[in-house]
Amino acid sequence: MSSARLDVQPSCDDDYDPNSLTCAEARLRIAAHVKPLLAAESVPVRDALGRVLASPVVSRIDVPGHLNSAMDGYAIVATDLPAEGVRELTVIGSSFAGKPFYGTLVPGQAVRIMTGAVVPEGADTILLQELVEARGDRIRIDGRHQPRQHLRAIGEDIARGQTILTAGQRITPAELGLIASLGITELKVLRKPRVAFFSTGDELRSLGEPLGIGEIYDSNRYTLFGMLTRLGVEIADLGVVADDPDALQAAFVSASADADVVITSGGVSVGEADYTKEILSRLGEVKFWKVAMKPGRPLAFGDLGHALFFGLPGNPVSVMVTFYQFVQPALLQLMGTSASEYPVLRAHTTTLLKKRPGRVEYQRARLARDENGAYVVSATGDQGSGILSSMSNANCFIVLDMETGRVEAGSLVDVQPFFGIV
Ligand code: AMP
Ligand code: MG
């Protein structure tokens, strides 16, 4: 069902197309169709970066494993704290991080102690060194201290038996460190999806080949390589396939033979190369969609044998936009992680944004901060779907919804930043 607005009458002046899917509807249909991979494997900790946990991580140790000091100062017995006046204690040794004091402390004694060092047997209170008067092996203390202060308890960060990470979590650098802090050397992660891709088009040449008249270098296989590699999937680049029914059929068959996902670019425009549709309908169940978006209107999605299939448009910017808006969330879902929504922030546009109602637009833009520290955004010039430099110059998408028409400079717009901190 198209969710184009019924209250808006299509006219020559706008782009409302009752046969188009909305972006949201396309995303929902894809999400409803993708089943996460189940097979798991064990990998050494470092290899788990970017992977998704197949089972929870449970701590086998307490962190910290010993009662230790939160401050530099002196370890003492709380009963030595003077109710009034000043008391003198004898310093009998020191405890440094990694070099504990092995003796037992009794009332009247103190041990010099550093942050992170084990609190000696018998001690239960840390005195801040700034509040202590030290003379040789004697210290003088007054009433400014509290019993049992400045201690880090055993297991206060993580207790033995505690579940630290849950299945489905994607491993980032913080998790690598956390896992290492627990002494864990191997992790159970879900296997990587295998993604095969190829480009279609008689005009396409691969790098290293000379260009004839009207021919262009295939760039989509490079942007796809980059986006897929970053996601951490296994890739198979199957090259360029000519606009030829037999060659296409062979490519679809071999791509889907042992891939979980097949991605192609080009040849899905409405009315274009009907044999693509015909081949795909024979080999699988593929739907051709018009999505009410710009760039990236034509999109094919479905099953090709056992593989999921995404037929992306040919234009280089459309490939990137449809990948980020549809394929990446689907791949994350397949990888077993709950594909969280991209962050969206609001910023004032410094440039006028040309747009017609009837489709969602992902305009390429630069996000910056103005002299007051507020976010402002400006479009990166020509928004043609073949202008790949508009992606390279951009650091965000401005997302303009269906109903929006031309946007005046100074208006607030939704922005999806390309960057994330982790
Ligand atoms: P198509 O969807 O096949 O009609 O292609 C739309 C436009 O994108 C055409 O101008 C193609 O030449 C161009 N195009 C298609 N595939 C690629 C590719 N792999 N690399 C660069 N441009 C492409
Ligand atoms: Mg083509």
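Atoms within each ligand, like the ligands themselves, are counted from 1 in listed order. In what follows, every heavy atom counts, from backbone to side chain, and hydrogens, waters and symmetry copies are set aside.
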Does an N or O from Asn220, backbone or side chain, lie closer than 3.5 Å to an N or O of ligand 1? yes
Option of least heavy-atom distance to atom 19 (N) of ligand 1 (set: Val240, Thr264, Leu388, Asp218): Asp218
Could you check whether Lys290 pairs with Asp17 (Lys NZ or Arg NE/NH1/NH2 to Asp/Glu carboxylate O, under 4.0 Å)? yes
Considering only heavy atoms, does Pro316 approach ligand 1 within less than 4.0 Å through its side chain, its backbone, both, or neither? side chain
Where ligand 1 meets Asn315 - atom numbers and elements under 4.0 angstrom, heavy-atom basis: 6 (C), 7 (C), 8 (O)
Non-hydrogen atom of Gly267 closer than 4.0 Å to ligand 1: yes
Answer yes when Glu186 and Lys188 have at least one side-chain N-carboxylate O distance shorter than 4.0 Å, and no when they do not. no
Could you tell me whether Tyr342 and Phe418 have their ring centroids closer than 6.0 angstrom? no
At the 4.0 Å heavy-atom cut-off, does Ser219 count as touching ligand 1? yes
Ionic contact status for Glu361 with Arg359, cut-off 4.0 Å: yes
Against heavy atoms of Ser199, which atoms of ligand 1 measure under 4.0 Å? 19 (N)
If you measure from each non-hydrogen atom of Ile216 to ligand 1, which part falls under 4.0 Å: side chain, backbone, both or neither? side chain
May I ask you to decide if Arg148's main-chain N or O and Thr125's side chain share a donor-acceptor pair within less than 3.5 Å? yes
Strictly under 6.0 Å, is that where the ring centroids of His33 and Phe301 end up? yes
Taking 4.0 Å as the limit for heavy-atom contacts, which would you say applies to Glu203 with ligand 1: side chain only, backbone only, both, or neither? side chain
Does any N/O atom on Gly314 come nearer than 3.5 Å to any N/O atom on ligand 1? yes
Check for a donor-acceptor pair, side chain of Arg51 on one end and backbone N or O of Arg170 on the other, with a separation under 3.5 Å. no
